[in-house]
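Read through the structure below, which is laid out as structure tokens, and then see the notes.
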There are 2 protein chains.
Amino acid sequence: MSQGNTSVSSLVSGSGVHEETACTVLQVLERVSGKWSIGILLAAMDGPVRFTELERRVKGISRRMLTLTLRNLERDGLLVRTVYPTVPPKVEYEVTDMARELYDSLQALTAWAERHLESIAESRRRYDAAAQ
Amino acid sequence: MSQGNTSVSSLVSGSGVHEETACTVLQVLERVSGKWSIGILLAAMDGPVRFTELERRVKGISRRMLTLTLRNLERDGLLVRTVYPTVPPKVEYEVTDMARELYDSLQALTAWAERHLESIAESRRRYDAAAQ
DNA sequence: CCGTATCCATTAGGATACTG
DNA sequence: CAGTATCCTAATGGATACGG
């Protein structure tokens, strides 16, 4: 278990007030980056969800990645896993308060994205055109 | 050039108001995820920086990844690249207003991280202990 | 139903020699 | 100085068979 974790890192040094910010924000991004974390959290925002239901809601996810990402989110305390010892088994995942706060904090990012989506798209068109 | 781009994606579907949020926020995260993007932006926040200076400030980055990430940030309009045709060559990278706004938006995340850093660490300790 | 284990393909990324 | 090109390793992630 635990496939290792490199992804986002890098500490900045040498100029002004941003080192601490860098460190902290990068830690969050490590938490939240990866192809599926946000998607899963979002899919669980409206209440407890079962494994198979998540598999349905998060489009394109594989069984493997769903399990792996769920375990990580649980480990970080963003999701609570509850097993009902019935047969067939029933497992529910529920977001924690901390995860809801994270979701709220992401709104700022969402707003930024919405504001600049077209601007970014155009910048890319120009860049790609200039490079042929 | 352009090594392709899989990373963050996944669209959520099937429950409530989060689909649109998902899509947008994931697009930002694609922009900002990757091991080095944020580090580089942060290192350039205090004014125009030259290539070699960036290499020094962003600890541990390889020449290859610095170039690659710089190109992507430039393509997205988060950084402006200016070449001074002197000899030896001089190239400066400067963050755009859009990048500064992004930085501001990241503060919410930073705040979240600072609030919950210890809580997350403890959750992990518990999880790891329970799993041996 | 809820996973785990295995195998395999793709991609990210490091090191570094070379060049205008 | 500011890259590019090349080679190579490690990590990410898909598909899916199998098991409690």
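Naming: A, B, ... by sequence-line order, numbering from 1 per chain.
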In whole Å, I'd like the distance from the [atom1] atom of [X] to the [atom2] atom of [N].
| X | N | atom1 | atom2 | answer |
| --- | --- | --- | --- | --- |
| B:Trp36 | C:dG13 | CH2 | C1' | 9 Å |
| A:Glu55 | C:dC1 | CD | P | 10 Å |
| A:Lys59 | D:dG14 | NZ | P | 16 Å |
| A:Leu54 | C:dC1 | CG | C1' | 13 Å |
| B:Leu68 | C:dT16 | CG | P | 18 Å |
| B:Phe51 | C:dG20 | CZ | P | 17 Å |

Residues 78-90 of chain B side chain polar contacts: donor-acceptor under 3.5 Å, at least two apart:
from    : atom 1 : to      : atom 2 : distance (Å)
B:Arg81 : NE     : B:Tyr93 : OH     : 3.3
B:Tyr84 : OH     : B:Glu92 : OE1    : 3.3
B:Thr86 : OG1    : B:Pro88 : O      : 2.9

Evaluate side-chain contact (heavy atoms from CB on, under 4.5 Å) for A:Thr69 paired with A:Ser37, printing each intermediate quantity in order. CA-CA 6 Å; A:Thr69 312; A:Ser37 300; 3.6 Å; yes
Using a 4.0 Å heavy-atom cut-off to protein, can you give one letter per nucleotide of nucleotides 15-20 of chain D, 5' to 3': B if the base is in contact, S if only the sugar-phosphate is, - if neither? BB---B
Taking the side chain as everything from C-beta on, heavy atoms only, tell me whether [X] gets closer than 4.5 Å to [Y].
| X | Y | result |
| --- | --- | --- |
| B:Arg124 | B:Ile120 | yes |
| A:Phe51 | A:Leu66 | yes |
| B:Ser33 | A:Leu29 | no |

Please name the pair of heavy atoms, one in A:Ser119 and one in B:Met98, separated by the smallest distance, quoted to 0.1 Å. OG-SD, 3.8 Å
List the atom of A:Gly77, the atom of A:Thr96, and the distance in Å for their closest heavy-atom pair. O-OG1, 2.8 Å
In residues 75-88 of chain B, which ones come under 4.0 Å of DNA chain D, going by heavy atoms? B:Arg81, B:Pro88
Once you round to the nearest 0.5 Å, how far does CG of A:Leu70 lie from CD1 of A:Ile61?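 Output value for this atom pair is 7.0 Å.
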Check every strand shown and say whether A:Thr52 touches a base, only sugar-phosphate, or nothing at a heavy-atom separation below 4.0 Å. sugar-phosphate
To the nearest 10°, let me know how far the axis at one end of the helix from C:dC1-D:dG20 to C:dG20-D:dC1 is tilted from the axis at the other, five pairs an end. 40°
Would you say a side-chain N or O of A:Tyr93 is under 4.0 Å from OP1 or OP2 of C:dG3? yes
Verify the contact: side-chain N or O of B:Lys35 to OP1 or OP2 of C:dG14, cut-off strictly under 4.0 Å; return yes or no. yes
Who pairs with A:Glu94 by side chain to side chain contact (heavy atoms under 4.5 Å, CB included), at least two apart in sequence or on another chain?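 Counting only residues at least two positions away or on another chain, A:Glu94 forms a side chain to side chain contact (heavy atoms under 4.5 Å, CB included) with A:Pro48.
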The side chain to side chain contact (heavy atoms under 4.5 Å, CB included) partners of B:Ala108 (sequence neighbours excluded) come to A:Ser105, A:Ala108
Does a salt bridge link A:Arg125 with A:Glu122, judged by any charged N lying under 4.0 Å from a carboxylate O?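 Salt bridge absent between A:Arg125 and A:Glu122.
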